[in-house]
There are 2 protein chains.
Amino acid sequence: MNKFQQPGIFSLLNFMNWNQKNISNASLKKLLHCVDEPHTSREDQELLEEQRDSNIKLSTEQEAVKNSITTKRKNVFYTGAAGTGKSVLLRSIIKTLKENYGRSNVGITATTGIAAINIGGQTLHSFAGLTPQTQYYEIEDIIENLSKGAKARWKKTEALVIDEVSMLNGNLFDKLNRIAQHFRCNEKPFGGLQLVLTGDFFQLPPIKNDIEKVKYCFEVDSWSESLDHTFQLTKVHRQREEEFVKMLNEFRYGHVSEKSSQIMSNLEKAPIYNNDGILVTELYAINKYVNNVNTAKLAELPYKEMVYEAEDWEPKFGGRLEALIRNCLAPKNLRLKRDAQVMLLKNTTSELVNGSKGVVVGWFSKITSKFYEDVPTEDSVSLLPVVKFINGQTKVIPPFEWSLENKYKKKVASRRQIPLILCWAVSIHKSQGHTLERVKINLDRVFETGQAYVALSRATSLNSLQVLNFSADKVFAEEKVINFYKSLTELA
Amino acid sequence: MNKFQQPGIFSLLNFMNWNQKNISNASLKKLLHCVDEPHTSREDQELLEEQRDSNIKLSTEQEAVKNSITTKRKNVFYTGAAGTGKSVLLRSIIKTLKENYGRSNVGITATTGIAAINIGGQTLHSFAGLTPQTQYYEIEDIIENLSKGAKARWKKTEALVIDEVSMLNGNLFDKLNRIAQHFRCNEKPFGGLQLVLTGDFFQLPPIKNDIEKVKYCFEVDSWSESLDHTFQLTKVHRQREEEFVKMLNEFRYGHVSEKSSQIMSNLEKAPIYNNDGILVTELYAINKYVNNVNTAKLAELPYKEMVYEAEDWEPKFGGRLEALIRNCLAPKNLRLKRDAQVMLLKNTTSELVNGSKGVVVGWFSKITSKFYEDVPTEDSVSLLPVVKFINGQTKVIPPFEWSLENKYKKKVASRRQIPLILCWAVSIHKSQGHTLERVKINLDRVFETGQAYVALSRATSLNSLQVLNFSADKVFAEEKVINFYKSLTELA
DNA sequence: GGGTTATT
DNA sequence: GGGTTTTT
């Protein structure tokens with residue numbers, strides 16, 4: 001059943017298939033700068049296709065990693081900077097793992113929806129039977145309440161792949177280890193199943209919560225107890241300029257050479273682009289700036305504005321609405337127009353997830369069941385936005401309910417809102433995992449380790465990159481991460 | 001009874017009076033750069049003494065504020081930039097309020113210990129019967145559990161003064177209002193007692209907690225319901241250079257003129273100081289830098305090092321030690337030497353509080369009850385640091401216990417450690433409320449509204465100030481605060 | 001990032 | 001500052 005469905009909004013999506021309706025694809029294409037920015041980066045896609053077609057050989061270092069995993073069946077973590085072919089290698093590994101173990105015995109997971117799509121898998125939470133609340137529960141409670149499906153998966157899985165493992169909180173990694181041990185009735189790390197982990201810890205650190213210190217995965221004991229081998233990929237496969245690659249590698253470690261500083265200061269002026277309708281995505285450290293840009297861009301559009309007000313609810317006494325709203329990206333008032341660049345805020349289908357980009361192409365009336373290219377004067381209360389996503393799918397987007405429950409599973413607050421935000425400009429945090437064809441980065445008020453590196457490595461080329469407010473002190477890495485990578489190098 | 005007392009450490013302080021012992025005051029003085037940095041700034045002290053002696057007249061605007069409070073008996077908030085004589089005015093107001101109402105019927109409070117000392121009062125929490133946990137409790141629970149003393153104070157108090165009100169969380173302000181209404185059996189704001197509030201909201205914002213959004217006091221309804229008048233002091237009384245004052249006023253609002261930028265970039269080189277032993281205090285945005293400097297400074301001292309390891313405790317199951325440690329400035333290992341510059345971490349007596357500065361002058365042996373100028377080889381386990389504070393007092397500093405209780409008042413974690421930290425370098429946050437004779441500021445990684453302003457306004461003069469990593473984007477103010485002050489100006 | 005507040 | 005994760 002489609003997860004878009006919410007009480008009161010029945011099957012809108014099932015009887016609509018906008019791909020076959022009379023929306024001109026040609027006219028949409030020019031609005032979709034995202035068309036050139038699939039979740040899978042262009043380079044990765046090309047490489048992937050190439051490989052699928054001609055079965056191109058992996059590099060020696062890639063083969064070594066793959067061999068260790070698929071032949072020697074070791075538990076492996078491998079890492080590497082952007083462009084070293086981590087994804088290509090992972091897809092190749094997954095293919096062989098499925099051949100070895102049978103496709104249903106391999107867990108293909110990633111820590112975010114976007115990353116999961118990239119490898120044709122699911123989120124780690126979805127695989128493991130976790131919920132966002134898991135981090136607050138004791139291991140005994142988690143084990144007791146795990147769904148039947150999740151239990152079955154833990155039992156039969158022979159290999160578990162986790163991509164973007166740098167975003168996984170170390171404490172959660174520990175819990176996963178114990179869950180696996182419990183359901184597999186096996187004291188070995190992760191109950192003896194084969195682990196394949198990959199990611200780059202120089203990106204943004206895992207997300208903090210209110211009850212415990214943030215830990216990287218590599219900081220918990222079960223990490224080193226679980227892994228047999230760790231590899232670093234060094235050979236760069238992507239077609240980025242050598243100069244750019246070199247600079248990014250410096251920045252990854254928090255170093256800024258005199259030459260890089262020079263290059264960055266030359267990027268202050270906007271590049272001249274062809275007038276081909278491909279938009280520039282702007283990146284900022286903080287949402288205040290993001291919102292300013294998006295508000296301005298929306299104002300420029302010549303269409304009618306729809307305002308969706310969130311329906312908030314809390315009980316009369318002891319509600320936690322404030323807490324809910326703080327942890328929910330959906331705004332009180334969402335303003336949309338036709339042609340607005342938008343990003344989905346919720347994982348919905350296996351193809352449309354939190355972070356999927358699209359453009360508003362019109363409106364669907366719940367009353368008349370008709371599609372309108374602009375807000376019709378006769379009906380402006382029952383309209384839902386229709387969004388064309390970069391993967392080609394066009395969908396009506398009904399409201400979604402974010403809710404907060406207390407420990408007795410009683411709902412204590414909720415917000416119902418259309419799960420979209422404007423995305424001409426995006427926070428650097430939200431941009432992680434995306435490749436951007438044309439990008440304008442403002443480093444004002446950068447505050448996190450790896451943040452400048454993540455922003456800059458979104459770009460595919462120095463020719464499609466503008467950088468404002470660069471200074472060397474904005475580029476810094478986590479000391480723990482540097483030390484961890486140092487220890488890897490010493491081992492090798 | 002002295003609050004320094006802890007189980008197992010009896011009356012050390014009562015039988016020690018180092019002021020009369022054989023420690024050379026002359027030799028201490030040169031170690032105490034803090035000697036020139038009392039909690040009350042030098043200018044304020046001078047002005048205060050002047051005024052006390054000759055009863056100098058308040059300015060017209062100051063008289064207007066005082067008149068509104070002491071004659072018209074209005075509820076007043078007054079504000080103003082650093083140096084506009086808020087403190088001097090407050091002391092004059094307090095004097096008259098005590099004459100009007102009787103000294104025991106006026107609550108003289110401030111949100112921090114340092115600020116409370118300044119006006120001869122107590123902390124707001126101490127007056128009101130609150131604990132640090134109050135923020136997590138419902139109003140009904142607070143009212144029920146209030147101590148008898150606090151209830152009596154709420155009943156009989158006729159005027160309540162709160163200094164540094166910008167640090168007070170709006171939600172707590174609301175709760176205070178309700179507590180006052182309840183115990184005074186009076187529906188009027190704050191149960192009808194007269195309110196005198198002062199502070200500068202352009203300083204650092206109130207401290208966040210895990211359960212609610214930070215609110216400034218002026219954002220809650222009870223603020224405007226309570227206050228009859230609001231005043232802004234504009235005339236600058238302190239003897240700072242006019243150029244410096246003008247610049248700070250710009251920065252307060254987040255503006256940076258071309259000229260100010262020029263001045264700041266000229267402050268990159270260190271000023272040349274007399275070799276008079278007065279040290280430079282270094283300010284940084286983040287503790288990593290603070291710790292680096294302090295570690296280096298400690299290493300330079302030629303004396304023996306004492307390492308105090310915190311005694312941590314948590315029950316076998318379900319402890320919250322990690323949470324405690326996160327909210328506790330006391331380090332796992334505290335390294336000290338004679339001559340180390342230190343800052344006290346706990347409110348202890350009415351004269352020694354969190355933020356009080358001093359220097360380690362030697363060691364007191366719990367076994368021999370003797371004082372040692374350096375760590376003696378025969379006894380290095382039973383030694384407690386002896387600290388000479390800037391107010392002239394010399395004290396033995398025994399360990400303090402930080403603890404965390406669950407809702408049933410059961411202890412769930414604790415850390416025992418000497419309540420001192422090194423303070424050659426200090427975080428900008430911790431420096432708020434201090435005046436510094438000589439200061440070196442590094443603005444790298446400034447992240448908070450008002451942070452650069454607070455750092456720069458610690459200095460007394462451009463000639464005793466060094467500033468590294470200045471850039472215009474580091475100077476910014478909270479938009480809510482700007483709007484609030486705009487509305488004040490429009491009223492006036 | 002970083003910080004305040006306490007009594008029986 | 002800012003961000004991820006869910007289902008029977």
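All of these numbers come straight from a predicted model, not from anything done at the bench. The figures here come from the full heavy-atom set of this structure, side chains too, leaving out hydrogens, waters and symmetry mates. Naming convention: chains lettered A, B, ... in sequence-line order (proteins, then strands); numbering from 1 in each chain.
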More 5' along DNA chain D: A/K148 or A/H125, using each one's nearest nucleotide? A/H125
Say whether, by atom type as modelled, one donor and one acceptor occur between the side chain of B/Q417 and the main chain of B/P331 under 3.5 angstrom. yes
Starting from C1' on D/dT6, measure out to NZ on A/K151 and report it in whole angstrom. 17 Å
What do the steps show when you test B/Y453 against B/Q451 for side-chain hydrogen bond (donor to acceptor under 3.5 Å, both in side chains), and what is the final call? CA-CA 5 Å; B/Y453 169 67; B/Q451 199 172 16; over 6 Å; no
Just to be sure I understand the rule, does A/I428 reach a base, reach only the sugar-phosphate, or reach nothing, if contact means heavy atoms closer than 4.0 Å? nothing
Establish, from distance only, whether the side-chain atoms of A/K430 and A/N287 form a donor-acceptor pair under 3.5 Å. no
With a cut-off of less than 4.0 Å, is there a side-chain N or O of B/N354 near OP1 or OP2 of C/dT5? yes
B/E401/B/K346 ion pair, N-O < 4.0 Å: no
Verify the distance criterion only: is there a donor paired with an acceptor across the side chains of B/N469 and B/N442 at less than 3.5 Å? yes
If you assign A/S403 and A/N287 each to the DNA chain D nucleotide with the nearest heavy atom, which residue ends up on the more 5' nucleotide? A/N287
Taken to the nearest whole Å, CG/B/L329 to C1'/C/dT5 is 13 Å
Could you state the CG-P distance from A/L404 to D/dT5, rounded to the nearest angstrom? 17 Å
B/N177: which residues meet the side chain to side chain donor-acceptor pair (under 3.5 Å) condition with it, sequence neighbours left out? none
Position toward the 5' end of DNA chain C (nearest nucleotide), B/K208 or B/S147: B/K208
Under-4.0 Å side-chain N/O to phosphate OP1/OP2 contact, A/S126 with D/dT5: no
Separation of D/dG3 P from A/L204 CG (nearest whole Å): 10 Å
Assign each of B/P132 and A/V214 the nucleotide of DNA chain C bearing its closest heavy atom; nearer the 5' end lies the nucleotide of A/V214
Regarding A/K430, tell me which of base, sugar-phosphate or nothing describes its non-hydrogen contacts under 4.0 Å with the strands shown. sugar-phosphate
Side chain of A/T112 only, please: which of C/dG2, D/dT5, C/dA6 is the nearest? D/dT5
DNA chain C-proximal residues of residues 167-177 of chain B, any heavy atom under 4.0 Å: none
Any side-chain N or O of B/S427 below 4.0 angstrom from OP1/OP2 of C/dG3? yes
May I ask you to list the residues of residues 442-450 of chain A, by number, that have any heavy atom positioned under 4.0 Å from an atom of DNA chain D? A/F447, A/E448
Salt bridge check, A/K474 against B/D473: does any charged N sit closer than 4.0 Å to a carboxylate O? yes
Rounded distance in Å - CD1 (B/I421) to C1' (C/dG2): 12 Å
Considering only heavy side-chain atoms of B/I207, the closest of D/dT4, C/dA6, C/dT4 is C/dT4
Heavy atoms under 4.0 Å, any strand shown: does A/G113 hit a base, just sugar-phosphate, or nothing? sugar-phosphate
So which nucleotide from C/dA6, C/dG2, D/dT6 ends up closest to the side chain of A/T131? D/dT6
Tell me if the aromatic rings of B/H429 and B/F447 count as close, with their centers under 6.0 Å from one another. yes
To the closest 0.5 Å, what do you measure between CG (A/L420) and OG (A/S356)? 10.5 Å
Between A/R178 and A/F183, is NZ or CZ placed under 6.0 angstrom from the six-membered ring centre and within 45° of the ring axis? no
Does the side chain of B/T123 get closer than 4.0 angstrom to OP1 or OP2 of C/dA6 through an N or O atom? yes
Row check, A/F476 ring normal vs B/R445 NZ/CZ: under 6.0 Å, within 45°: yes
Round to the nearest Å and state the distance from B/K346 atom NZ to C/dA6 atom C1'. 8 Å
When rounded to whole Å, the CD1 to P distance for the pair A/I114 and D/dT4 reads 10 Å
In whole angstrom, give the distance that lies between atom CZ of B/R153 and atom P of C/dT7. 8 Å
